[in-house]
Undergrad: 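Sharing a structure, written as structure tokens. Questions coming.
So that the names make sense, note that chain A is the first sequence line, chain B the second, and so on, each numbered from 1.
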Amino acid sequence: MAGLSFDNYQRNQFLTSKNSAQPKATSTGTTIVGVKFEGGVLIAADTRSTQGPIVADKNCAKLHRISPRIWCAGAGTAADTEAVTALIGSNIELHSLSTRRQPRVVTALQMLKQHLFEYQGHIGAYLIVAGVDPTGPHLMSVQAHGSTDVGYYLSLGSGSLAAMAVLESRWREGLTKDEAVSLAADAIEAGIWNDLGSGSNVDVCVMEVGKDAAYLRNYRTPNVREPKQQSYKFARGTTAVLKESIINVCDIEEQEVEIQA
Amino acid sequence: MNHDPFSWGRPSDETYGAYDTKIAQAPAFPKMNTTQPIVTGTSVISMKYNNGVIIAADNLGSYGSLLRFTNVERLIPVGNSTVVGISGDISDMQHIEDLLEEMKTENNYDNSYVDDEEALKPSYVFEYLATVMYNRRSKMNPLWNAIIVAGMEDKKPFLRYVNLLGVTYSSPTLATGFGAHLALPLMRRVVDREDDIEKTTLEVAENTILESMKILYYRDARSSRKFSMAIIDNDQGLILKKGLQVENMSWEFAKNIRGYGTQKV
Amino acid sequence: MNTVASEYSSEVQSTPIEHSFNPYSDNGGTILGIAGEDFAVLAGDTRHTTDYSINSRYEPKVFDVGDNIIMSANGFAADGEALLKRFKNSLKWYHFDNNEKKLSMSAAARNIQQLLYGKRFFPYYVHTIIAGLDEDGKGSVFSFDPVGSYEREQCRAGGAAASLIMPFLDNQVNFKNQYVPGTDGKEKRHIKFLTVDEVVRLVRDAFTSATERHIHVGDGLEILIVTKDGVRKEFYELKRD
């Protein structure tokens with residue numbers, strides 16, 4: 001049977017009871033949002049990835065492409081958000097080729113929720129799915145267990161409360177594109193400043209009806225590091241060469257050959 | 001072994017006869033401490049501005065997910081320059097009210113300077129509460145609360161937090177519980193650094209608190225629409241506004257949302 | 001708990017459900033002490049956290065306790081504050097009892113050991129560092145574990161990002177793993193005392209680096225510097241994300 005293997009589940013459970021720790025997956029902390037506006041929809045994310053209290057990546061990309069005009073922001077286990085969007089992305093492409101139609105957001109959403117439900121939450125992907133298709137702009141979210149939600153503004157991840165506070169206080173019907181971009185970026189910034197699981201930069205992806213999606217990588221960079229106080233370049237020879245040996249793993253023979261043109 | 005929890009750790013009656021509680025002045029029941037709050041109050045939020053400090057809390061006492069009491073006052077004035085805002089267990093809160101009342105009485109007794117140089121200041125009230133909270137946690141018998149003390153002292157705003165662990169801290173903006181996740185990000189957009197306080201007027205601060213209470217009512221399932229707010233202003237003194245309501249909510253767009261994915265009707 | 005090889009055994013919850021009150025929490029932050037020839041510094045970030053939240057961006061945790069001694073107890077903030085308060089009180093009584101005699105660093109250290117070990121079976125959950133000048137006027141740093149084991153050291157990092165900063169200090173203060181060029185690793189780089197300016201530069205770089213990679217470190221850096229002329233404070237902003 002295709003899919004994940006649960007063969008080691010009982011073994012792992014046993015090892016855990018014997019006090020050996022489970023390997024930890026990267027990134028549970030994140031702030032992602034999605035906002036609808038007049039004539040389109042956009043999503044945004046921070047760029048911090050964490051392993052426990054340690055920052056694993058200061059500028060990772062949490063915005064994934066499912067199809068050219070359907071994008072997805074992911075929170076939860078980094079590997080799961082990437083794998084599940086890549087898988088559904090492939091299937092959407094094949095489905096689009098086979099039906100000779102533009103991919104639809106609801107299709108992606110249905111495929112995602114059915115896949116995630118099948119795995120009963122073991123695939124730790126929490127996604128905001130957004131895009132434009134022949135039926136217009138759409139904004140939805142999926143949880144790891146397979147439940148979905150529709151809304152005009154959504155947020156997910158450990159910084160979702162900070163982001164939602166900003167969205168609740170400033171979102172209104174009929175936002176322009178520029179207003180929506182700045183609102184979404186401000187919501188992500190609320191996560192960056194107030195949630196320790198989120199940090200670094202703001203990524204945005206704008207999807208307008210009848211236009212190509214605009215992926216604005218590092219749309220805001222409010223956390224550039226200041227230069228260090230001094231250089232830590234070591235004097236050559238500070239690390240001693242204690243031993244040097246060259247092993248000839250093969251003999252090299254050279255030989256000139258005449259080649260006729 | 002007698003498996004009745006009320007007899008744990010005692011010699012069995014069959015072998016030694018009935019246990020005589022008088023021997024070790026032992027109580028008739030095992031000692032029990034608070035291990036979880038019962039009736040609870042949600043967030044307290046607060047911020048400084050250029051001439052004082054504002055603090056707010058709603059009037060709900062929740063019994064789990066039951067909206068049990070709808071008229072609980074969680075802002076307690078102490079003297080004329082301090083307000084104590086309490087979240088968490090309501091019975092523990094009422095005990096703290098008793099302690100504060102006792103402290104006022106002690107301070108008043110036979111004291112002719114009580115109206116001026118020996119009046120209770122916010123930092124005194126805070127120090128007392130922080131000590132009580134830390135001592136109770138160290139006895140493994142905590143008061144299950146998070147407390148914010150707000151006030152004016154030497155013409156400067158005072159704001160400090162203490163919780164059931166005895167952990168304390170100060171900041172230009174403070175919030176307990178859900179407020180720390182939902183309201184703080186909004187308040188910090190106005191006052192994030194110490195020097196932002198000078199730039200913030202009472203009107204701006206009051207609007208920020210009102211907006212934050214609205215967002216908490218939107219998103220905190222254990223909150224209520226009714227709330228109280230106290231302003232401790234350098235010129236106007238202590239103003240406690242009771243029976244306020246969250247206003248200007250927008251639910252218009254909600255009617256246009258259909259289902260949770262593919263539904264159209 | 002034993003795992004029995006049955007179809008359902010893996011479904012059994014192997015850890016008991018917690019019902020009792022947990023009297024500790026982790027309030028993050030990190031501290032760093034370095035001793036120079038005739039000075040010592042103790043630095044700490046000013047961020048105060050619980051879990052994923054920032055409680056305060058400026059809550060100092062390094063203090064001038066008097067007698068030219070600076071102290072910080074990093075970890076569970078309530079215990080840190082309680083320990084600091086008890087030591088300050090102890091110092092006051094030492095003055096009352098001994099005609100205002102100045103408390104030496106070694107005596108302060110031994111006193112703190114007693115305070116910590118006194119709660120051996122309900123410990124102060126803190127990593128404590130004190131800094132000052134010894135009886136010869138040389139910079140000195142003492143560091144303690146939560147139950148009172150202590151040692152005098154040239155430098156020590158404590159708290160959340162200690163494991164990130166300590167190797168950097170070994171290399172840059174005690175010149176560990178550095179050799180004199182051209183000696184084929186036979187001669188270690190000679191140890192020398194760093195100046196105050198050099199130390200402050202190292203401290204700032206240690207903290208900006210810890211801020212980059214540890215989520216519980218940031219917002220502000222407060223450095224307290226002890227010399228024979230007294231205690232001086234310096235403050236630098238750190239990133240707030």
Undergrad: Could you tell me whether a side-chain N or O of A/Thr148 sits under 3.5 Å from a main-chain N or O of B/Tyr260, the two making a donor and an acceptor?
TA: yes

Undergrad: Over all heavy atoms of both residues, which pair between B/Ile257 and A/Gly151 is shortest? Give the atoms and the distance, please.
TA: CD1-CA, 4.1 Å

Undergrad: For B/Tyr218, is it the side chain, the backbone, both or neither that has a heavy atom under 4.5 Å from a heavy atom of chain A?
TA: side chain

Undergrad: Counting neighbours of CG on B/Asp195 that are heavy atoms of other residues, nucleotides or ligands and sit closer than 6.0 Å, is the number greater than 12?
TA: yes

Undergrad: Evaluate whether atom CD of B/Glu252 has more than 12 neighbouring non-hydrogen atoms of other residues, nucleotides or ligands under 6.0 angstrom away.
TA: no

Undergrad: Is there a side chain to side chain contact (heavy atoms under 4.5 Å, CB included) between B/Arg258 and A/Val150 once you walk through the steps?
TA: CA-CA 8 Å; B/Arg258 293 280 173 279; A/Val150 181; over 6 Å; no

Undergrad: Check whether more than 12 heavy atoms from other residues, nucleotides or ligands sit under 6.0 Å from atom CZ of B/Arg225, and answer yes or no.
TA: yes

Undergrad: Measure distances from A/Glu189 to the heavy atoms of chain B and classify the residue's part below 4.5 Å as side chain, backbone, both or neither.
TA: neither

Undergrad: Counting heavy-atom pairs under 4.5 Å to chain A, which of B/Ser212, B/Pro185, B/Ala254, B/Gly261 comes out on top?
TA: B/Pro185

Undergrad: Picking from B/Arg189, B/Arg188, B/His181, what satisfies side-chain contact (heavy atoms from CB on, under 4.5 Å) with A/Asn194?
TA: B/Arg188

Undergrad: Of B/Leu182, B/Leu216, B/Ile215, which is the lone residue that meets side-chain contact (heavy atoms from CB on, under 4.5 Å) with A/Glu168?
TA: B/Ile215

Undergrad: Heavy-atom distance under 4.5 Å between the side chains of B/Asn256 and A/Tyr152, does that happen here?
TA: yes

Undergrad: Out of B/Lys214, B/Arg219, B/Gln263, which one racks up the most heavy-atom pairs below 4.5 Å with chain A?
TA: B/Arg219

Undergrad: Hey, is NE2 on A/His95 packed in by over 12 heavy atoms from elsewhere, all under 6.0 Å?
TA: no

Undergrad: When only pairs under 4.5 Å are counted, which of A/Val166, A/Leu161, A/Val105 shares the most heavy-atom pairs with chain B?
TA: A/Leu161

Undergrad: Does atom CZ (A/Arg225) have a neighbourhood of more than 12 heavy atoms from anything else shown, all under 6.0 Å?
TA: yes

Undergrad: I'd like to know whether CZ of B/Phe253 has more than 12 heavy-atom contacts from other residues, nucleotides or ligands below 6.0 angstrom.
TA: yes

Undergrad: With rounding to the nearest 0.5 Å, note down the distance linking CZ in A/Arg170 to CG in B/Leu186.
TA: 10.0 Å

Undergrad: Please look at B/Ser250 and chain A and tell me whether the side chain, the backbone, both or neither of the residue comes under 4.5 angstrom of a heavy atom of that chain.
TA: neither

